[in-house]
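Structure first, commentary second.
We use all heavy atoms of the structure for the numbers below, so side chains are in, but hydrogens, waters and symmetry mates are not. Order of listing sets the numbers, starting from 1, for every ligand and every atom in it. All values reported here derive from a predicted model rather than from experimental measurement.
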Amino acid sequence: MTTLLKFVQDLLHQAQGPLTRELVLEPGDFGLGQVPAKSKPDATTDMICGYCATGCSLRVHLKDGQGINLTPTSEYPVNLGMACPKGWEALTVLDSPDRATTPLLRDDAGKLKPIAWDEAMRTFSDRFKRIQSEHGPHSVAFLSTGQITTEEMAFLGALTKFGMGMLHGDGNTRQCMSSAAVAYKQSFGFDAPPYTYADFEESDVIVLVGSNLCIAHPIMWERVMRNPHSPKIIVIDPRMTETAMNATQHLSIAPKADQSLLYGVARIFIENDWIDQQYIDESTNDFEEFAKFVSAYNDERVATETGLTIDQIHRFAETIHEGKRVSFWWTMGVNQSYQGVRTAQAIINLALMTGNIGRPGTGANSITGQCNAMGSRLFSNTTNLLGGHDFTNPEHREKIANILDIDPALIPTKNSLPYHKIIDGILRGEIRGLWVICTNPAHSWINQNQCRDILDRLDFLVVQDMYHNTETAKMADLVLPAAGWGEKEGTFINSERRIGIIKKVSKAPGEALSDFNIFKLVAHYWGCTEMFKDWKSPEEVFQILKQCSAGQPCDFTGIENYQFVDEQKGVQWPYSDSDDNDQERRLFEDGQYYHPDRRAKFLFEEPRPLTEPPTDLFPFILLTGRGSASQWHTQTRTRHSAVLRKLYPEDTFVEINPVDARRLQISPGERVIVESQRGRIVAKAVLTPVIQAGQLFIPMHYESVNQLTDATFDPYSNQPSYKACAVRVVMN
Ligand SMILES: Nc1nc2c(c(=O)[nH]1)N[C@H]1C(S)=C(S)[C@@H](COP(=O)(O)OP(=O)(O)OC[C@H]3O[C@@H](n4cnc5c(=O)[nH]c(N)nc54)[C@H](O)[C@@H]3O)O[C@H]1N2
Ligand SMILES: Nc1nc2c(c(=O)[nH]1)N[C@H]1C(S)=C(S)[C@@H](COP(=O)(O)OP(=O)(O)OC[C@H]3O[C@@H](n4cnc5c(=O)[nH]c(N)nc54)[C@H](O)[C@@H]3O)O[C@H]1N2
Ligand code: SF4
Ligand SMILES: [Mo]
């Protein structure tokens, strides 16, 4: 047997081997009567949920080391014993005939055929190396995710960039968080969401901008509901979402008019002297210019641009002024825009000028999406060098090279192309090989017909996924079968910067391997085993990343090991030896930011009109987003739970205002065609006043939705503007 084959067999053997190492023996602790009497569990172990960035802890009940059921962990400071339907069903979706169980290679007849790992790995490195030797090292790129562990992301980023010579690699966090990340970097000097979830309970005013907590972060909404101060809740969203229905004020703003509103409110604060001058003087820069800039946002202008009444605008401003602890929260209604960064900063500016930051119940708080988006923002080696460092800074390269014990010359001196430029690169024939890990761009990327056409041009497409039949896997030349959440171990970082652990409580089906082990295998076949000799297990990589974080705002050098994270019930960064590990910690309590002069910046810019305004031919503005608490993204996982399937509509649907429906003679439940300049899809009409007249809403979970969306991007963050394009509705 060759040594390579033996290496594969060792990994497979390991994958079939013992399950989670820490079997916490707590007989009888199986809560809420969820476990059938026949399979009485013999132990439980706690781990972080693998869907959204809330980062709830789930107590998995084990029988012979195998997870057989779960209950939300009551003592965890995030979810306090609660979970949403996806969390409750997290184990169920692992078991499905759609799981990828062996590597699959496209044969000459165009069919994906099972092959052994050895052949898969030889093909992987032969094909990619051939492309690189013909077209240069940068002709192969990768697209990854916010849904694998931090250790896996770091391994992928280091392997591709330091080992395989790639320059370009980005992640689905570009679709999601990049506007927030850039806004924080520019305003605060580091990508640092400042809050802790306790702030939801300590605010007396909660402002939610483009954020539908009830659906997208249900347990954060539960935290709002536990707030004992009868908070005023203001929701800014064109739709009357579930969250807006439960708010004390709903501002049904015109799409993409948020900047105008927030600048207008800033102007009202200044005119009434409702600002915290001392905070502005001591902790910020450029307020004078900002004050001058917003003076042009008078009531009439703001009312016209936002579609709100002057009364609504003033009431909003007064409510913030009267609040003692005001927190501002935003999600995709802000980030997914051609002006997402400046809109996020318009929110940050309000928090800074009123001194609503660094105190309990305050903050300019971006809510993250995926379970480990925060890990990817700092440790994926895509937009930052490991640990929030800068590829273009020679000292940073030197520091990371020393820690990894590699030649600094191996670290790229340039930043990667962002996601959409990688796609453009494929179109231009400059990028010819692509490795897609834990994301499904053939469904989720903007302007889907164009995206699929471009992916089709690749010489070699590798897709590494839990399931063999995702829209992107179906296009692949090679599919690598991955273990999922619950079948491997490592750490996630949640929205409030809390590091938590996931564990192996179930065996991956067939020959599926954890992403970590796949990266190890690739390193081996590529010939860079030596470079990763210390990257033996996720926990050993955690120790390496800890060193990379030293001295950074995200320093977590005070964490000893995984067990410590478990015992502490997660640890929020920063956590160096000198920090106290309080269960809830927020940033900027001392008014000091991360820019060299320790001050935050006021950043602002004239808003731009819609990139694709409605016309006579395409008179509606299409909004897209999350549809229900039971659906996750492209549905590859959630569709495998019978319980979840009962909780959401199976067919693609479009929300239409009854006034528009009457005018177009559309009846409830009728199938209509929704069409943009790029695509034409069929959807079931749902008539509801939740959506304003002149607007439509289609959830992103249905495969066809991105046939309609328009590929425009924020110029600073390069985030796609998923939430506004022009469409028409016609009878089917
Ligand atoms: N159940 C479920 N939960 C999820 C996810 C999931 O797929 N399913 N995905 C997770 C991920 S990755 C993410 S990123 C988050 C997303 O979480 P959210 O951002 O809360 O969800 P979305 O529905 O995408 O968008 C929020 C709202 O933005 C509004 N909006 C659109 N345009 C504008 C605008 O111009 N201004 C304003 N103010 N609002 C606007 C939409 O009407 C929508 O109600 O959810 C996470 N949680
Ligand atoms: N129109 C529109 N489009 C959108 C959005 C929108 O609001 N509107 N939102 C955007 C946002 S915010 C996001 S985050 C993206 C999400 O878009 P995607 O990332 O494409 O969506 P997912 O379905 O989460 O894809 C994750 C894939 O990884 C696989 N997977 C799960 N766990 C593992 C694992 O451990 N290892 C491996 N290797 N694979 C695994 C899953 O089976 C799935 O195929 O969609 C974006 N697209
Ligand atoms: S709210 Fe998010 S983290 Fe919590 S159980 Fe639901 S999906 Fe999982
Ligand atoms: Mo996201």
Side-chain angles (χ1 to χ4, degrees), residues 48-58 70 72-73 76 78-79 82-90 145-147 171-178 180 207-223 235-244 251-259 261-262 306 329-340 343 347 366-371 373 439 444 485 492 494-495 500 610 621-635 637-638 644 647-648 655 690-692 695 697 699-701 719 721-724:
I48 304 305
C49 174
Y51 286 104
C52 89
T54 307
C56 298
S57 172
L58 303 173
L70 59 81
T73 312
Y76 202 70
V78 167
N79 53 316
M82 302 176 277
C84 84
K86 294 184 298 303
W88 280 100
E89 282 293 288
T145 189
Q147 295 175 60
N172 63 5
T173 38
R174 181 72 64 184
Q175 293 160 280
C176 180
M177 301 315 313
S178 53
V207 182
L208 294 161
V209 192
S211 178
N212 189 4
L213 283 191
C214 289
I215 294 300
H217 299 95
I219 302 308
M220 292 192 200
W221 180 254
E222 292 296 333
R223 298 292 300 264
V235 170
I236 303 174
D237 195 311
R239 293 166 62 226
M240 198 203 290
T241 59
E242 296 77 355
T243 315
L251 304 182
S252 54
I253 193 164
K256 306 295 157 270
D258 303 78
Q259 257 173 301
L261 171 66
L262 299 165
T306 58
W329 309 81
W330 80 87
T331 322
M332 289 312 116
V334 170
N335 289 349
Q336 285 174 343
S337 157
Y338 57 89
Q339 48 197 5
T343 308
I347 299 172
S366 140
I367 299 172
T368 358
Q370 305 168 81
C371 51
T439 182
S444 64
W485 172 91
F492 288 158
N494 80 353
S495 207
L610 286 174
I621 298 178
L622 173 70
L623 307 176
T624 65
R626 274 74 200 156
S628 76
S630 305
Q631 286 163 294
W632 181 255
H633 292 169
T634 73
Q635 301 245 61
R637 285 197 270 171
T638 39
L644 296 181
L647 296 172
Y648 63 78
E655 290 180 359
V690 159
I691 190 86
Q692 295 184 47
Q695 298 173 18
F697 175 77
M700 64 157 305
H701 313 295
Q719 180 155 348
S721 185
Y722 281 112
K723 292 213 185 319

Inset, instruction - Indicate if the distance from atom 8 (Fe) of ligand 3 to the nearest N, O or S atom of Cys52 falls below 2.8 Å. - result: no

Legend entry - Asp258 versus Thr343, side-chain donor and acceptor atoms under 3.5 Å: no

Legend entry - Nitrogen or oxygen atoms of Ala216 and ligand 1 under 3.5 Å apart: yes

Legend entry - Any side-chain donor near an acceptor of the partner, Gln719 and Ser178, under 3.5 Å: yes

Legend entry - Sub-4.0 Å atoms of ligand 1 with respect to non-hydrogen atoms of Gln370: 12 (S)

Inset, instruction - Please identify which atoms of ligand 1 are closer than 4.0 Å to at least one heavy atom of Ala629. - result: 1 (N)

Inset, instruction - Pick whichever of Gln631, Arg626, Glu655 has a heavy atom sitting closest to atom 22 (P) of ligand 1. - result: Arg626

Legend entry - Beyond-backbone contact of Trp88 with Pro72, side-chain heavy atoms, under 4.5 angstrom: yes

Legend entry - Shortest protein heavy-atom distance from atom 6 (Fe) of ligand 3, along with the residue and atom involved: Cys84 SG, 2.3 Å

Inset, instruction - Ignoring angles and geometry beyond distance, decide whether Thr241 reaches within less than 3.5 Å of ligand 1 through its nitrogen or oxygen atoms. - result: no

Inset, instruction - Report yes if some N/O of Lys723 lies less than 3.5 Å from some N/O of ligand 1; otherwise report no. - result: yes

Legend entry - Close-contact set for ligand 1 against Pro255 heavy atoms, below 4.0 Å: 35 (O)

Legend entry - Euclidean distance, Glu222 CD relative to Cys84 SG, rounded to 0.5 Å: 10.0 Å

Inset, instruction - Out of Gly333, Pro218, Cys371, indicate the one that has the non-hydrogen atom closest to atom 28 (O) of ligand 1. - result: Gly333

Inset, instruction - Please write down residue, atom name and distance for the protein heavy atom closest to atom 1 (S) of ligand 3. - result: Ile219 CG1, 3.5 Å

Inset, instruction - Would you confirm whether Asn212, through its side chain, and Arg626, through its main-chain N or O, come within 3.5 Å as a donor-acceptor pair? - result: no

Inset, instruction - Number the atoms of ligand 3 from 1 as they appear, then name those within less than 4.0 Å of a heavy atom of Gly87, with their elements. - result: 5 (S)

Inset, instruction - For atom 8 (Fe) of ligand 3, find the nearest protein heavy atom and state the residue, atom name and distance (0.1 Å precision). - result: Cys49 SG, 2.3 Å

Legend entry - Spacing of CD belonging to Gln692 relative to CD belonging to Glu655, to within rounding of 0.5 Å: 12.0 Å

Inset, instruction - Can you figure out which of Leu623, Thr368, Asp237 has its heavy atom closest to atom 41 (C) of ligand 1? - result: Asp237

Inset, instruction - Identify, for atom 12 (S) of ligand 1, the protein heavy atom at the shortest distance, and state residue, atom and that distance. - result: His633 NE2, 2.9 Å

Legend entry - N/O separation below 3.5 Å, Thr331 to ligand 1: no

Legend entry - Numbered atoms of ligand 3 (with element) below 4.0 Å of Tyr51, judged on heavy atoms: 7 (S)

Legend entry - Protein heavy-atom partner closest to atom 3 (S) of ligand 3 - residue, atom, separation in Å: Cys56 N, 3.4 Å

Legend entry - Within-shell test, His701 vs ligand 1, heavy atom, strictly < 4.0 Å: yes

Inset, instruction - Report yes if Ile215 has an N/O atom closer than 3.5 Å to an N/O atom of ligand 1; otherwise report no. - result: yes

Inset, instruction - Output the list of atoms in ligand 3 that are nearer than 4.0 Å to some heavy atom of Gly55, sorted by atom number. - result: 3 (S)

Inset, instruction - Give the residue and atom name of whichever protein heavy atom lies nearest to atom 32 (N) of ligand 1, and the separation in Å to one decimal. - result: Lys256 NZ, 3.2 Å

Legend entry - Close approach of Lys86 to ligand 1, heavy atoms, under 4.0 angstrom: yes

Inset, instruction - Please state which part of Met700 comes within less than 4.0 Å of ligand 1, counting heavy atoms only: side chain, backbone, both or neither. - result: neither

Inset, instruction - Could you tell me whether ligand 3 has any atom less than 4.0 Å away from a heavy atom of Asn79? - result: no

Legend entry - Proximal atoms of ligand 1 relative to Ser628 (non-hydrogen, under 4.0 Å): 1 (N), 2 (C)

Inset, instruction - Please report which non-hydrogen protein atom sits nearest to atom 36 (N) of ligand 1, along with the residue it belongs to and the distance in Å to one decimal place. - result: Asp258 OD1, 2.8 Å

Legend entry - Gln147 versus Arg637, side-chain donor and acceptor atoms under 3.5 Å: yes

Inset, instruction - State the atoms of ligand 3, each with its element, that fall below the 4.0 Å cut-off from a heavy-atom position in Lys86. - result: 7 (S)

Legend entry - Distance-only N or O hit between ligand 1 and Asn212, under 3.5 Å: yes

Legend entry - Check: Asn335 side chain, Met177 main-chain N or O, donor-acceptor pair, under 3.5 Å: no

Legend entry - Atoms in ligand 1 flagged as close to Ser211, the criterion being non-hydrogen separation under 4.0 Å: 20 (O)

Inset, instruction - Tell me, please: is Cys84 in heavy-atom contact with ligand 1, that is, under 4.0 Å? - result: no

Legend entry - atom 13 (C) of ligand 1: the protein heavy-atom neighbour that sits closest, reported with distance to 0.1 Å: Gly369 CA, 3.3 Å

Legend entry - Nearest-neighbour protein heavy atom for atom 14 (S) of ligand 1, which is reported as residue plus atom name and distance: Cys176 SG, 3.2 Å

Legend entry - Beyond-backbone contact of Pro238 with Gln695, side-chain heavy atoms, under 4.5 angstrom: yes

